Amino acid sequence: MNYWLMKSEPDEFGIEDLKQRPDQIEPWDGVRNYQARNMMRDQMKVGDLAFFYHSNTKPPGIVGIVEIVREGYPDPTQFDPDDKHYDPKSDPEKPRWYLVDVKFKAILPRKVTLHELKRQPQLEGMKLLARGNRLSVMPVEPDHWAHIIALAEQDPAG
DNA sequence: GCCAACGTTGGC
DNA sequence: GCCAACGTTGGC
């Protein structure tokens with residue numbers, strides 16, 4: 001089983017929005033980056049867990065955990081001319097963009113901020129912290145995952 | 001196939 | 001709101 005990190009702007013769709021969905025499931029649509037697409041299409045499996053990361057907010061950080069409940073399938077928004085993620089170049093016979101469905105698992109006891117993550121020597125090499133990283137979906141190493149879970153359960157000062 | 005222009009991401 | 005980083009587009 002694999003671990004992931006998925007970014008979302010809470011003004012658009014935050015962990016609270018997911019929690020309030022009737023079935024607590026949401027298609028992770030709108031991703032228009034080939035690397036992220038490849039991971040959702042080819043690598044994410046049912047039962048994998050992902051951190052829910054709030055970007056473009058103050059402060060940015062990891063706020064919760066979701067579970068992959070449906071594996072890669074074509075993102076329907078690419079074919080909807082009224083959707084802001086519409087892609088007129090995508091051929092329905094050979095869809096360009098894929099997504100997964102995620103389900104709410106937990107809100108962490110506290111937000112683990114980006115600032116705090118950067119101060120952790122144990123997290124050296126984490127993709128999220130790489131210079132210039134802009135991926136909205138990325139893998140997380142199991143030991144990094146465990147360290148972040150432990151951080152969330154302890155006092156921010158500690 | 002190169003690369004300048006342009007658009008987007010996302011922290012600050 | 002700024003801007004660095006980086007992906008995509010399109011002319012040549």
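Note that these values count all heavy atoms, side chains included, but never hydrogens, waters or copies made by symmetry. Chain A is the first sequence line, chain B the second, and so forth, proteins listed ahead of strands; every chain is numbered from 1. All figures in this text were calculated on a predicted structure; none of them were measured in a lab.
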Bounded by its outermost nucleotides with an atom under 4.0 Å from a heavy atom of chain A, the footprint on DNA chain B reads B/dG7 to B/dC12

Student check: side-chain heavy atoms of A/Q78 and A/Y86 closer than 4.5 Å: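 A side-chain contact under 4.5 Å is absent here.
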
Pairing donors with acceptors under 3.5 angstrom, does anything connect the side chains of A/Y73 and A/D101? yes

Determine whether the side chains of A/T113 and A/R119 contain a donor N or O and an acceptor N or O closer than 3.5 Å. no

Would A/R96 and A/D87 pass as an ion pair if we require N to O under 4.0 Å? yes

Over all strands shown, is A/R32 touching base, sugar-phosphate only, or nothing at heavy-atom distances under 4.0 angstrom? nothing

Would you please test A/H147 and A/Q120 for side chain to side chain donor-acceptor pair (under 3.5 Å) and show each step? CA-CA 9 Å; A/H147 184 70; A/Q120 301 294 316; 2.8 Å; yes

In this structure, NZ of A/K89 is separated from CG of A/D91 (nearest 0.5 Å) by 13.5 Å

Interatomic distance, CG@A/L128 vs CG@A/L117, rounded to 0.5 Å, equals 6.5 Å

So which one's nearest nucleotide on DNA chain C is more toward 5', A/K89 or A/R131? A/R131

Under the rule for ring pair (Phe, Tyr, Trp, His ring centres under 6.0 Å), what residues qualify as partners of A/F13, not counting sequence neighbours?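 Result, ring pair (Phe, Tyr, Trp, His ring centres under 6.0 Å) vs A/F13: none returned.
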
Would you jot down, in residue-number order, the residues of residues 54-66 of chain A having a non-hydrogen atom under 4.0 Å from DNA chain C?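 Listed by number, there are none.
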
